[in-house]
Amino acid sequence: MRLDLITIVVDDYDDAIEFFTGPLGFDLVEDSPSLTNDGRPKRWVVVRPPGAQTGVLLARADGPRQATAVGNQVAGRVGFFLRVEDFGAAFERMSAAGVEFVTSPRTEPYGRVAVFLDIAGNRWDLLGPA
């Protein structure tokens, strides 16, 4: 058993793809035309960190209820955790690419951490070894 995908609701597919594959360095695994349950067109867009098994399904908000979830997937908490081997290099690369960090890097018992916002405004921990 494994966790295959998690969903992040976004405003725009292409902007989200650019953010995840550019500044974050994820791979675009799939971008296929699809249909909603009632037959309207949508896209099936999956990104994943290089070498990872679990991917992120980027789902464009469909209607007002889903639009309210954009940037608020987990009610303002850090809900996503990106672990890297070289924290300093990842932090510098992401900062230079325009990723918004809302905390400065700090050292915790579990390693180095800094909180950043994704394209939708969700909070993520960038995690690395101490």
Side-chain angles (χ1 to χ4, degrees):
M1 184 181 328
R2 69 181 167 94
L3 182 63
D4 190 42
L5 294 171
I6 60 163
T7 298
I8 294 182
V9 181
V10 298
D11 286 322
D12 180 80
Y13 291 118
D14 294 322
D15 290 343
I17 290 168
E18 173 58 31
F19 177 81
F20 280 91
T21 62
L24 295 193
F26 285 28
D27 295 328
L28 178 60
V29 176
E30 186 173 359
D31 184 357
S32 303
S34 188
L35 297 173
T36 63
N37 290 335
D38 60 359
R40 290 175 291 119
K42 67 175 185 175
R43 286 161 62 185
W44 184 261
V45 177
V46 177
V47 294
R48 181 171 46 225
Q53 288 189 350
T54 302
V56 177
L57 175 68
L58 301 174
R60 187 181 62 201
D62 184 15
R65 181 173 180 211
Q66 290 182 20
T68 64
V70 173
N72 196 28
Q73 296 275 146
V74 291
R77 294 185 55 107
V78 170
F80 307 99
F81 303 84
L82 180 60
R83 185 163 298 277
V84 295
E85 290 182 26
D86 187 336
F87 179 89
F91 179 82
E92 291 302 319
R93 180 182 53 76
M94 291 167 62
S95 294
V99 174
E100 181 182 354
F101 282 87
V102 295
T103 68
S104 297
R106 65 185 190 278
T107 301
E108 296 290 345
Y110 50 84
R112 301 279 293 150
V113 63
V115 178
F116 69 92
L117 302 178
D118 70 15
I119 184 80
N122 296 299
R123 297 167 72 92
W124 289 63
D125 271 357
L126 176 66
L127 298 165

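The residues of the chain are indexed from 1 along the displayed sequence. Quantities reported herein were computed from a predicted structural model and do not represent experimental measurements.
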- What is the distance from atom CG of N72 to atom CG of N122, rounded to the nearest 0.5 Å? 7.5 Å
- Query: Taking C-beta and beyond as the side chain, do L3 and I6 meet within less than 4.5 Å on heavy atoms?
  - Reply: yes
- Going by heavy atoms in the side chains, are R106 and V113 under 4.5 Å from each other? yes
- Item | Smallest separation among heavy atoms of A90 and V84, with atom names | CB-CG2, 3.8 Å
- Query: Are F80 and D125 side-chain neighbours, meaning at least one heavy-atom pair lies under 4.5 Å?
  - Reply: no
- Here the pair of heavy atoms bringing A120 nearest to V9 is CB-O, 3.9 Å
- Are V102 and L117 close enough that some pair of their side-chain heavy atoms sits under 4.5 Å apart? yes
- Query: Would a 4.5 Å heavy-atom cut-off, applied to side chains only, mark L126 and F81 as touching?
  - Reply: no
- All heavy atoms of P23 vs all of E18, minimum pair found to be CD-O, 3.4 Å
Compile the donor-acceptor pairs under 3.5 Å between side chains in residues 43-53 and protein atoms, sequence neighbours left out, one pair per line.
unit_1	atom_1	unit_2	atom_2	d
R43	NE	D31	OD1	3.0
R43	NH1	D14	OD1	3.3
R43	NH2	D14	OD1	3.0
R43	NH2	D31	OD1	3.4
R43	NH2	D31	OD2	2.7
R48	NE	A52	O	3.2

- Where R123 and V115 come nearest, the two heavy atoms and their spacing: NH2-CG1, 4.0 Å
- Note on the structure: For I119 and F20 the tightest heavy-atom approach is CG2-CE1, 4.2 Å
- Message: Distance check, rounded to the nearest 0.5 Å: L58 atom CG versus E30 atom CD?
- Response: 11.5 Å
- Task: May I ask you to check whether F91 and F116 place their ring centers less than 6.0 Å from one another?
- Result: no
- Message: What's the separation between atom CG in L28 and atom CD1 in I17, rounded to the nearest 0.5 Å?
- Response: 5.5 Å
- Pair R60 + D62: basic N to acidic O under 4.0 Å: no
- Message: I need the minimum non-hydrogen distance between L24 and R93, along with the two atoms involved.
- Response: O-NH2, 3.7 Å
- Between the main-chain N or O of G25 and the side-chain N or O of T21, is there a donor-acceptor pair closer than 3.5 Å? no
- Task: Report yes or no: do L82 and F101 belong to one cluster of Ile/Leu/Val/Met/Phe/Trp/Tyr joined by side chain heavy-atom distances under 4.5 Å?
- Result: yes
- Message: Has T54 got a side-chain atom pairing as donor or acceptor with D4's backbone, closer than 3.5 angstrom?
- Response: no
- Query: Can you tell me how far CD of E85 sits from CG of L127, rounded to the nearest 0.5 angstrom?
  - Reply: 13.5 Å
- Hey, are the side chains of V78 and W124 touching, using non-hydrogen atoms and a 4.5 Å cut-off? no
- Task: Evaluate whether atom CG of D15 has more than 12 neighbouring non-hydrogen atoms of other residues, nucleotides or ligands under 6.0 angstrom away.
- Result: yes
